[in-house]
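The structure under discussion appears below in the form of structure tokens.
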Amino acid sequence: MKEEQIKREYAAAKEQYAALGVDVDKAIEKLNNVSISIHCWQADDVSGFENPDGELSGGIQTTGNYPGKASTINELKKDIEKVVSLVPGNHRLSLHAIYGDFGGEFVDRDQIEPKHFHTWMDWAKEIGVKLDFNSTFFSHPKSGEYTLSSFDPEIRAFWKEHLRRCRSIAEEMGRRQGDACIHNIWVHDGEKDKTVSRIQHRQLLKESLDEVFEEKISTDYLKDCVECKLFGIGSESYVVGSHEFYMGYAVKNNMLLTLDAGHFHPTEGIADKISSMLLFVPEIALHVSRPERWDSDHVVILNDPLMELSQEIVRSGVMEKVHIGLDYFDASINRIGAYVVGIRSTQKALLQALLEPTEKLRELEKEDKRFQRMAYLEELKAMPWNAVYNYYCLQQNIPVGNDYVSEIETYETEITSKRK
């Protein structure tokens with residue numbers, strides 16, 4: 001698309017939105033201030049660098065065998081650099097603990113240190129990306145069905161030490177980048193069939209977390225968040241860290257709660273949970289994915305659930321309290337393409353929400369003008385928001401429309417197709 005056409009369509013769109021009382025430039029500015037936390041594990045199918053040939057466990061399953069996945073830290077860094085070159089805005093990278101730079105040696109989870117992530121921190125500073133972090137409780141000989149909630153005190157001790165070290169790593173990331181590192185804690189613990197000792201396992205999980213969190217770390221550097229799940233592969237009957245468990249834990253301890261779009265019932269969206277949880281926890285972290293009937297982590301696309309989620313984030317009026325991260329891994333298609341489609345789709349949904357005349361819609365509600373509210377919301381669906389997004393990309397010298405497709409194809413030809 002030619003630059004003159006993009007500017008012409010943007011000017012027309014700006015005029016149309018102005019008639020509704022919407023400041024398009026302000027909407028773009030707000031969107032540009034949203035840093036999406038990009039998940040490192042799409043690039044290598046959640047393999048990591050602790051034991052790249054190990055099997056996934058703990059309810060994690062990647063399907064597909066598209067060629068060219070990243071198998072080294074440098075390859076993964078190259079892929080992320082390519083991704084951020086194809087999306088507007090300034091974003092973050094979310095690392096799992098198994099992605100440390102271990103120098104070719106095996107370092108067990110209870111022995112990892114900030115030094116194993118110094119090369120990541122240096123690289124992130126060089127390219128202008130900030131880091132988030134995740135403890136890794138799955139895919140380990142000691143993970144089994146239970147970790148922090150295991151009846152075995154030695155197993156619990158091992159994973160508590162892992163969690164302590166992850167918090168230390170995340171704290172140093174936050175200090176070095178001058179912005180708090182979001183440290184996400186997801187524990188897969190649970191069973192496939194009927195479980196009698198549910199409350200006992202949950203008591204142990206609570207005690208394990210309480211013990212680790214006794215060490216207070218400034219939220220200027222580290223923000224811990226706990227993530228719930230309804231079920232997992234191999235834990236269909238019972239997951240210790242349910243929504244009710246972590247909702248209660250986060251509220252009681254005044255900490256962040258992570259809501260993952262795929263961790264609830266198939267027809268249960270997380271959009272409506274935001275306005276409730278923001279009243280009781282200081283901030284929320286989101287894992288945005290696309291569940292197809294279950295927590296299948298499909299690539300995020302611009303669909304109704306994503307739009308509803310984005311609208312609730314914007315309508316809350318406290319966007320700064322909602323941290324948006326992506327969490328999907330599709331090994332059946334070009335992995336760089338999966339990243340770019342998901343990030344741009346998330347931005348497009350947020351932009352549409354930011355282009356709503358929110359105050360006008362609230363006034364209509366207060367005046368009980370429900371027909372008028374419905375009419376406005378329906379008309380907004382046909383507004384030229386994409387002309388605004390194209391202009392936003394042009395502003396930042398990012399490929400407009402589907403121009404990024406050819407760049408990804410070239411990258412595949414020259415880089416990823418040559419990987420073993």
Side-chain angles (χ1 to χ4, degrees), residues 36-56 59-89 91-101 120 123-124 127 129 131-132 134 136 138-139 184 260-262 287-292 295-303 306 324-348 398-399 402-420:
I36 295 172
S37 194
I38 303 168
H39 55 310
C40 71
W41 48 96
Q42 164 62 41
D44 77 329
D45 308 342
V46 208
S47 298
F49 305 110
E50 172 196 81
N51 179 20
D53 298 322
E55 292 185 5
L56 291 172
I60 304 292
Q61 183 177 347
T62 302
T63 54
N65 192 29
Y66 195 89
K69 81 169 190 173
S71 58
T72 68
I73 289 178
N74 286 336
E75 287 180 350
L76 198 149
K77 287 177 179 176
K78 266 189 180 302
D79 289 352
I80 296 300
E81 288 172 14
K82 187 60 183 178
V83 169
V84 297
S85 76
L86 298 175
V87 294
H91 302 292
R92 306 171 73 94
L93 178 67
S94 184
L95 288 171
H96 249 287
I98 56 175
Y99 286 78
D101 191 346
W120 280 109
W123 167 81
I127 70 166
V129 168
L131 298 174
D132 293 320
N134 302 262
T136 311
F138 54 84
S139 300
N184 191 62
D260 186 302
H287 275 185
V288 183
S289 69
R290 176 166 55 103
E292 288 284 354
D295 182 33
S296 51
D297 292 303
H298 282 62
V299 177
V300 171
I301 59 173
L302 187 56
N303 58 9
L306 182 62
I324 303 171
L326 302 181
D327 182 10
Y328 55 81
F329 34 97
D330 189 340
S332 70
I333 62 174
N334 182 295
R335 294 171 182 83
I336 311 301
Y339 270 127
V340 177
V341 168
I343 298 167
R344 290 172 75 120
S345 295
T346 303
Q347 288 183 314
K348 289 174 181 178
I398 297 294
N402 63 2
D403 288 351
Y404 67 86
V405 174
S406 60
E407 289 212 25
I408 293 173
E409 289 173 340
T410 299
Y411 186 78
E412 179 174 12
T413 300
E414 297 178 353
I415 305 295
T416 58
S417 66
K418 297 178 181 179
R419 293 173 180 169
K420 294 181 180 180

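If you're wondering where the values come from, they're calculated on a predicted model, not measured in any experiment.
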Locate the shortest heavy-atom distance separating [X] from [Y]; write the atom from each residue and the value.
{"X": "V288", "Y": "V300", "answer": "O-CG2, 3.5 Å"}
{"X": "L86", "Y": "P399", "answer": "CD2-CG, 3.7 Å"}
{"X": "A261", "Y": "S289", "answer": "CB-O, 3.7 Å"}
{"X": "G100", "Y": "I73", "answer": "O-CD1, 3.7 Å"}
{"X": "E81", "Y": "I127", "answer": "OE2-CG2, 4.0 Å"}
{"X": "N334", "Y": "I336", "answer": "OD1-N, 2.9 Å"}

Just by modelled atom types, is the [Y] backbone N or O under 3.5 Å from a matching donor or acceptor in the [X] side chain?
{"X": "H91", "Y": "P88", "answer": "yes"}
{"X": "T136", "Y": "H96", "answer": "no"}
{"X": "S406", "Y": "D403", "answer": "yes"}
{"X": "R419", "Y": "G68", "answer": "yes"}

task = May I have all residue pairs that pass salt bridge (charged side-chain N to carboxylate O under 4.0 Å, His left out) and include part of residues 331-344, sequence neighbours excluded?
result =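 Sorted result for residues 331-344: D45-R335.
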
Distance from [X] atom [atom1] to [Y] atom [atom2], nearest 0.5 Å?
{"X": "S417", "Y": "E409", "atom1": "OG", "atom2": "CD", "result": "12.0 Å"}
{"X": "W120", "Y": "C40", "atom1": "CH2", "atom2": "SG", "result": "6.5 Å"}
{"X": "R290", "Y": "D297", "atom1": "CZ", "atom2": "CG", "result": "11.0 Å"}
{"X": "T346", "Y": "L326", "atom1": "OG1", "atom2": "CG", "result": "5.0 Å"}
{"X": "D260", "Y": "D295", "atom1": "CG", "atom2": "CG", "result": "5.5 Å"}
{"X": "E75", "Y": "K420", "atom1": "CD", "atom2": "NZ", "result": "10.5 Å"}

Got [X] and [Y] here, is their nearest side-chain heavy-atom distance under 4.5 Å?
{"X": "V84", "Y": "I38", "result": "yes"}
{"X": "S139", "Y": "E50", "result": "no"}
{"X": "F49", "Y": "D101", "result": "no"}
{"X": "I301", "Y": "L306", "result": "no"}

message: Among residues at least two apart in sequence or on other chains, which ones pass side chain to side chain donor-acceptor pair (under 3.5 Å) with N303?
response: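 Once residues adjacent in sequence are excluded, N303 has no partner under the side chain to side chain donor-acceptor pair (under 3.5 Å) criterion.
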
Those residues that, when tested against S94, pass side chain to side chain donor-acceptor pair (under 3.5 Å) (two or more places apart) =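 In terms of side chain to side chain donor-acceptor pair (under 3.5 Å), with neighbours along the sequence ignored, S94 is linked to N134.
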
Pair Y99-L93, side-chain contact (heavy atoms from CB on, under 4.5 Å): steps then yes or no: CA-CA 12 Å; Y99 286 78; L93 178 67; over 6 Å; no

Worksheet item: Quick one: do the Y339 and D79 side chains pair a donor with an acceptor below 3.5 Å?
Response: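 No.
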
(Q) Please tell me whether Y328 and H287 form a close aromatic pair, meaning their ring centres lie under 6.0 Å apart. (A)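 No, too far apart.
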
Would you please name every residue forming a side chain to side chain contact (heavy atoms under 4.5 Å, CB included) with N74, sequence neighbours left out?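 Partners of N74 by the side chain to side chain contact (heavy atoms under 4.5 Å, CB included) criterion, ordered by chain and then number, come out as T72, K77.
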
* Test N184 against D132 for side-chain contact (heavy atoms from CB on, under 4.5 Å), laying out the working first. => CA-CA 8 Å; N184 191 62; D132 293 320; over 6 Å; no

### With sequence neighbours excluded, residues passing salt bridge (charged side-chain N to carboxylate O under 4.0 Å, His left out) with D327
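D327 satisfies salt bridge (charged side-chain N to carboxylate O under 4.0 Å, His left out) with no residue once adjacent residues are dropped.
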
Exercise. Tell me, please, which residues at least two apart from K78 pass salt bridge (charged side-chain N to carboxylate O under 4.0 Å, His left out).
Key: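 Salt bridge (charged side-chain N to carboxylate O under 4.0 Å, His left out) list for K78, sorted by chain: empty.
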
